[in-house]
Q: 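Sharing a structure with you now.
Scope of the values below: all heavy atoms of this structure, side chains included, with no hydrogens, waters or symmetry mates.
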Amino acid sequence: MEWIWFIIAALGAGIGTGLAGLSAATVMVPVLIVLCPSFSGETGAYQATAIALASDILGSAVTTYTYAKHRKIDLKRGFVMLVCILTMCTVGSYVAFLAGNVVLGSFTLFLTFFIGIRFLVKPDTSRENTAGRGEKLDVKGIAISLFFGLTIGFGTGFVGTGGGMMMLVVFTAFLGMELKTAVGTSTFIMTFTALIASVSHILIHPAILLEKWNVMLLCITVATAASLFSAGFANRVNNRTVGLVTGAVLTVLGGSMLLLNFWPQISSVPLAVQTLTCLGRLILYIIPCVLVLLLIHFLTEIPSYVFRKLLHIVAFTCFAVMTLTAVRWQAPALTSLVMAAVIYPLLMLVENEEWYGRFFVEKSPGEIKRSLLMLFFMFAAVIAVSWGIFGNPHIAAASILMWGMGDASAALVGIPFGKHKIRTRYAVKSWEGTLAMFAAAFLSGVIVLHFFGGIDIGRAVAAALPAAFAGAVTELFSPSEWDTVTVPVAILIVLMLCLRLI
């Protein structure tokens, strides 16, 4: 199993180097020290850092070559940084050996996470007025280069990570380089810093080479190949896309590693464990489904409304399953709120991207993120009321699935086949779409109540029938921006009343 993690770590390291000039250790060290038992010893983090630095040599070199072909290196503005960093990285390597595992591990994990957040918040680090390629540094630029060069050099030798990111920030925010030129220049410098720092680590602790030579060889090979591929990709897309992709990868990686690292403390809180279990199930279900849908979207000419409703089906079925398998109602309800807190700001970051409109059809600007925010809040509300107050998780799951499958079926049938229109005060629907919503909601309710809730088939049918009817009618007479609230409320109320009275 460790060898799989070695490959994943090297792939992530190479992608980070090629995309944004990140040092390989930013990704590799957290994976190795947290998920690989062979790096859990007293010098485990130090060995992981040495292997990451060794992987950085060729990875940075091939990345530099790719950016150089596109004339994206500016050594005149990076020369002072180069000298300072090379001078200090050996000192940092020696201090790192004295510092030990705890300092290295914790620092690296937090740094990975916050670098990812930083990229998501500001994916394009370039200033409006960038310096011309080859333009000489002024006195202020030299002072900035001296200060950051010395500190980054020490940091690179100390933890083996953060150097590429810090150089990227300095080059773009302080020295005025264009983003891709900053990446090319930083990887050029990292080629030499990684060489010096890795040699320093090995000379200080020769057991790295004797004990872990096979791991080092694998990581170097995989990271170099991934760097070459991702650098080619980065030079074909815009700066913002590169930043967003890098930020998403590092945030997820850093958060996951922090979670695993502090698991003994987290596991002492039962609700935290249950919520994380729900979140894990949600992710394991959603990611493969979304990847399949993206593949379908790219390989076929699927209409946008179909793609959107298929995403809805994935979300609703996932939350229904998560609710049925949860231990306490608080866990799926909290998971819904966590998803709202994560998805909304992410959509804010990407909604202005060119590709966003190709995936989602918005009825009005910002409609997608508002509707998803309301959707997750309603998931939490339905679970809290039906399970938290009335103690029945099956009603919660049935309401969610009836709502989701009914809404999706109404669009998937009504838009292409809806010939007989129903005009209401708020919208124009169709009999075909409304009947499809009723049928899908009814079947979903019966399946959940009977097969998962243990309710006899006659009672399940008697409860699901009026609840599905209430949902379909409510959808007809609800404003489109409010049916995310009115439809689940109507289904839930009728379902609960019927099951109590029948």
Q: To check you understand the geometry: which heavy-atom pair defines the closest contact between Ile400 and Ile383, and what is its length?
A: CD1-CG1, 4.1 Å
Q: Shortest non-hydrogen contact from Gly232 to Thr66?
A: N-CG2, 3.9 Å
Q: Kindly give the heavy-atom pair with the smallest separation between Leu32 and Phe39, and that separation in Å.
A: O-CB, 3.5 Å
Q: Is any side-chain heavy atom of Trp329 less than 4.5 Å from a side-chain heavy atom of Thr323?
A: no
Q: Apply side chain to side chain contact (heavy atoms under 4.5 Å, CB included) to Leu203 and list each qualifying residue two or more places apart in sequence or on a separate chain.
A: Val199
Q: Quick one: side chain to side chain contact (heavy atoms under 4.5 Å, CB included) partners of Ala272, sequence neighbours excluded?
A: Ile266, Val269
Q: Taking salt bridge (Lys or Arg N to Asp or Glu O under 4.0 Å) as the definition, give me every residue that meets it alongside Lys212, ordered by chain and number, with sequence neighbours left out.
A: none
Q: Could you work out, with ring-ring contact (aromatic ring centres under 6.0 Å, His included) as the rule, every residue matching Tyr67, not counting sequence neighbours?
A: none
Q: Go through the structure and list residues passing ring-ring contact (aromatic ring centres under 6.0 Å, His included) with Tyr65, not counting sequence neighbours.
A: none
Q: Under the side chain to side chain donor-acceptor pair (under 3.5 Å) rule, collect the residues that match up with Ser60, sequence neighbours excluded.
A: Asp56
Q: With Ser267, which residues qualify under side chain to side chain donor-acceptor pair (under 3.5 Å), at least two apart?
A: none
Q: Can a donor-acceptor pair be found between the side chains of Gln330 and Thr275 at a distance below 3.5 Å?
A: no
Q: Do Met28 and Phe6 touch side chain to side chain, with heavy atoms closer than 4.5 Å?
A: no
Q: Listed by chain and number, what are the ring-ring contact (aromatic ring centres under 6.0 Å, His included) partners of Phe379, not counting sequence neighbours?
A: Phe316, Phe319, Trp403
Q: Compare every heavy atom of Thr484 with every heavy atom of Ser371, then report the nearest pair and how far apart it is.
A: O-CG2, 4.4 Å
Q: Who are the side chain to side chain donor-acceptor pair (under 3.5 Å) partners of Arg328, not counting sequence neighbours?
A: none
Q: Using side-chain heavy atoms (C-beta onward) and a distance below 4.5 Å, is Val273 in contact with Pro270?
A: no
Q: Just to verify, what does Phe147 make a ring-ring contact (aromatic ring centres under 6.0 Å, His included) with, not counting sequence neighbours?
A: none
Q: Keeping Thr64 on the side-chain end and Thr187 on the backbone end, is there a donor-acceptor pair under 3.5 Å?
A: yes
Q: If you define the side chain from C-beta out and look only at heavy atoms, does anything of Met339 sit under 4.5 Å from Leu279?
A: yes
Q: Side-chain polar contacts of residues 218-228 - donor-acceptor pairs under 3.5 angstrom, sequence neighbours left out - could you list them?
A:
residue: Thr221; atom: OG1; partner: Leu217; partner atom: O; Å: 2.9
residue: Thr224; atom: OG1; partner: Ile220; partner atom: O; Å: 2.6
residue: Ser227; atom: OG; partner: Gly14; partner atom: O; Å: 3.3
residue: Ser227; atom: OG; partner: Ala223; partner atom: O; Å: 2.8

Q: Using a 4.5 Å cut-off on heavy atoms from C-beta on, say whether the side chain of Val314 contacts that of Tyr285.
A: yes
Q: I'd like to check the side chain to side chain contact (heavy atoms under 4.5 Å, CB included) partners of Val327; sequence neighbours left out, ordered by chain and number.
A: Gln274
Q: Mind listing the closest non-hydrogen atom pair of Arg281 and Ala326 along with its distance?
A: NH1-N, 4.2 Å
Q: Under 3.5 Å, side chain of Lys72 to main-chain N/O of Thr185, donor-acceptor pair present?
A: no
Q: Would you please test Thr63 and Thr17 for side-chain hydrogen bond (donor to acceptor under 3.5 Å, both in side chains) and show each step?
A: CA-CA 7 Å; Thr63 300; Thr17 300; 5.7 Å; no
